[in-house]
There are 2 protein chains.
Amino acid sequence: MLRLALRPCIISSVVQDSIRILQAQGYKVTKPRRQVLEALEGAQKPVSPYDVQSTLRKQGKYLNHVTIYRILDLFCRLNLAHKVLSSGGFVKCGLGNEAGCHRFMVCRCCGVLREFVDEELCKKESKSAVNLGFHTEYHLSESSGLCSECYRKRFGE
Amino acid sequence: MLRLALRPCIISSVVQDSIRILQAQGYKVTKPRRQVLEALEGAQKPVSPYDVQSTLRKQGKYLNHVTIYRILDLFCRLNLAHKVLSSGGFVKCGLGNEAGCHRFMVCRCCGVLREFVDEELCKKESKSAVNLGFHTEYHLSESSGLCSECYRKRFGE
DNA sequence: AGGCTAATTGCAACAATGTTGCGTTTAGCA
DNA sequence: TGCTAAACGCAACATTGTTGCAATTAGCCT
Ligand SMILES: [Mn+2]
Ligand SMILES: [Mn+2]
Ligand SMILES: [Zn+2]
Ligand SMILES: [Zn+2]
């Protein structure tokens, strides 16, 4: 029923919601999975797998790091968690706009990355943040998809 | 003259441009730095420090990995290169919109991260990409700056 | 051109992060 | 209350990133 690829991520999900989704998808609800869910729920900022481990350890709960990696992988596949960033590499600057606004497109097929400029987008993005009480100093945006070439290869002209 | 914090990144910079900037800022133009610049110039996708190392090794050029880390750090400080992503951690999903559009604000001071939704922004972003021949399937956007609380602490009401 | 010196690099040792294969445990179910 | 596939723990390993210090070198000054 719930088609994974199209489902938006969980709205301010509490642990219980996530557990229901695990079950709905036929995954077991294990103690380690509950514990990682709680650690994520409790965190105010992004946490690495080892962060999760030490958080839990402080509560007297011992999970092997391999287990945490596997659980976080699963949660990401189920849209219960995000990895906050995508690629990890360096890239030369492309066409420059304002310092502090960097906007990329990455082709998921061939991997080419292109930086582009959109002043209007930049302003809208900041304004949108202001409405939420956030003072923006820096944008980083990645769109992933297909470059024109890879798109052509798949779907023709 | 050239104030670093305000300078936009290099426009389709060739190695020579970057070298001029190194000199202008009083940094030495060394063989390793030239080589890393050339490796970045030559790459079609983001590259890790170790990627740079092996690329160079294939050309019979041997740089210690520590050197490469330090050079890439410098280049980023000088806006000669980007790290393509920011934090590296996991975060729970916040308010969900379309699957495939994730938009965050991160406070550079306290680290809180908040996901938010902006349909209009999402459409504009895709349209902007289409104009460049790119078919977008997924957005990831991070704005960094100050959350309302940290902003107040610094600049009052 | 040759020497001086602060900046930069190389090296060694280490720390942190991430992966794989396989034996053991356990959640969910009959 | 057992059965079994799924999930976990462990060991061993691979990759990535960091630190302190000795050796080298780019840029400058004779
Ligand atoms: Mn840029
Ligand atoms: Mn999301
Ligand atoms: Zn492509
Ligand atoms: Zn803050």
Side-chain angles (χ1 to χ4, degrees), chain A residues 15-16 18-39 43 45-78 80-90, chain B residues 15-16 18-39 43 45-57 59-78 80-91:
Chain A
V15 169
Q16 205 51 44
S18 302
I19 287 177
R20 268 190 285 275
I21 288 165
L22 280 178
Q23 290 173 325
Q25 303 284 332
Y27 292 96
K28 292 186 180 178
V29 178
T30 63
K31 200 156 83 176
R33 281 175 185 166
R34 283 177 193 280
Q35 291 174 342
V36 172
L37 278 173
E38 277 154 22
K45 20 185 126 171
V47 286
S48 71
Y50 286 97
D51 288 338
V52 170
Q53 189 178 49
S54 60
T55 298
L56 290 175
R57 188 152 40 215
K58 281 170 197 157
Q59 308 171 11
K61 298 163 187 167
Y62 298 84
L63 292 191
N64 189 279
H65 69 281
V66 179
T67 302
I68 296 172
Y69 275 97
R70 295 197 273 227
I71 288 174
L72 288 173
D73 280 351
L74 174 64
F75 288 179
C76 287
R77 288 200 304 279
L78 296 182
L80 301 179
H82 296 284
K83 200 167 189 186
V84 169
L85 30 95
S86 52
S87 121
F90 291 83
Chain B
V15 169
Q16 205 50 45
S18 303
I19 287 177
R20 268 190 284 274
I21 288 165
L22 279 178
Q23 290 174 325
Q25 303 283 333
Y27 293 95
K28 292 185 178 177
V29 178
T30 62
K31 200 156 83 175
R33 282 174 184 165
R34 284 177 191 280
Q35 292 174 342
V36 172
L37 278 172
E38 277 155 21
K45 20 185 126 170
V47 286
S48 71
Y50 286 97
D51 287 339
V52 170
Q53 189 178 49
S54 60
T55 297
L56 291 175
R57 187 151 40 213
Q59 307 171 12
K61 298 163 186 165
Y62 299 84
L63 292 191
N64 188 280
H65 69 282
V66 178
T67 301
I68 296 172
Y69 275 96
R70 295 197 274 227
I71 288 175
L72 289 173
D73 280 351
L74 174 65
F75 288 179
C76 286
R77 289 200 304 278
L78 295 182
L80 301 178
H82 296 284
K83 199 167 190 185
V84 169
L85 29 96
S86 52
S87 120
F90 289 85
V91 64

Of the candidate nucleotides [options], which contains the atom at the shortest distance from the side chain of [X]?
| X | options | answer |
| --- | --- | --- |
| B:Val66 | C:dA12, D:dC8, D:dA7 | C:dA12 |
| A:Tyr50 | C:dG18, C:dT9, D:dA11 | C:dG18 |
| A:Asn64 | C:dG10, D:dA6, D:dC10 | D:dC10 |
| A:Pro49 | C:dT8, C:dG18, C:dG21 | C:dG18 |
| B:Lys28 | D:dG20, C:dT8, C:dT20 | C:dT8 |

Are [X] and [N] close enough that a side-chain N or O sits under 4.0 Å from OP1 or OP2?
| X | N | answer |
| --- | --- | --- |
| B:Tyr69 | D:dG17 | yes |
| B:Thr30 | C:dT9 | yes |
| B:Ser48 | D:dT16 | no |

Determine whether a donor-acceptor pair (one donor, one acceptor, N or O, separation below 3.5 Å) exists between the side chain of B:Arg70 and the base of D:dG17.
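Answer no: no donor N or O sits under 3.5 Å from an acceptor.
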Which word best sums up how the rings of A:Tyr50 and A:Tyr69 line up, parallel for under 30°, tilted for 30 to 60°, or perpendicular for over 60°?
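Taking A:Tyr69 first and then A:Tyr50, their aromatic rings stand perpendicular (interplane angle over 60°).
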Grab the [atom1]-[atom2] distance between [X] and [N] for me, whole Å please.
| X | N | atom1 | atom2 | value |
| --- | --- | --- | --- | --- |
| B:Gln35 | D:dA26 | CD | P | 11 Å |
| B:Ile68 | D:dT16 | CD1 | C1' | 12 Å |
| A:Gln25 | C:dG28 | CD | P | 15 Å |
| B:Gln53 | D:dG17 | CD | C1' | 12 Å |
| B:Leu74 | D:dA26 | CG | P | 16 Å |
| B:Ile71 | D:dG17 | CD1 | P | 16 Å |
| A:Lys31 | C:dA27 | NZ | P | 8 Å |
| B:Gln23 | D:dA26 | CD | P | 13 Å |

Once rounded to the nearest 0.5 Å, what's the spacing between atom [atom1] of [X] and atom [atom2] of [Y]?
| X | Y | atom1 | atom2 | answer |
| --- | --- | --- | --- | --- |
| B:Asp73 | B:Ile68 | CG | CD1 | 12.0 Å |
| B:Ser48 | B:His65 | OG | NE2 | 12.0 Å |
| B:Gln59 | B:Glu38 | CD | CD | 8.0 Å |

Can any side-chain N or O of B:Gln53 pair as donor or acceptor with the backbone N or O of B:Leu63 at less than 3.5 Å?
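Checked: pair present.
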Which sits closer to the 5' end of DNA chain D, A:Thr67 or B:His65, going by the nucleotide each is nearest to?
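Nearest nucleotide further toward 5': that of A:Thr67.
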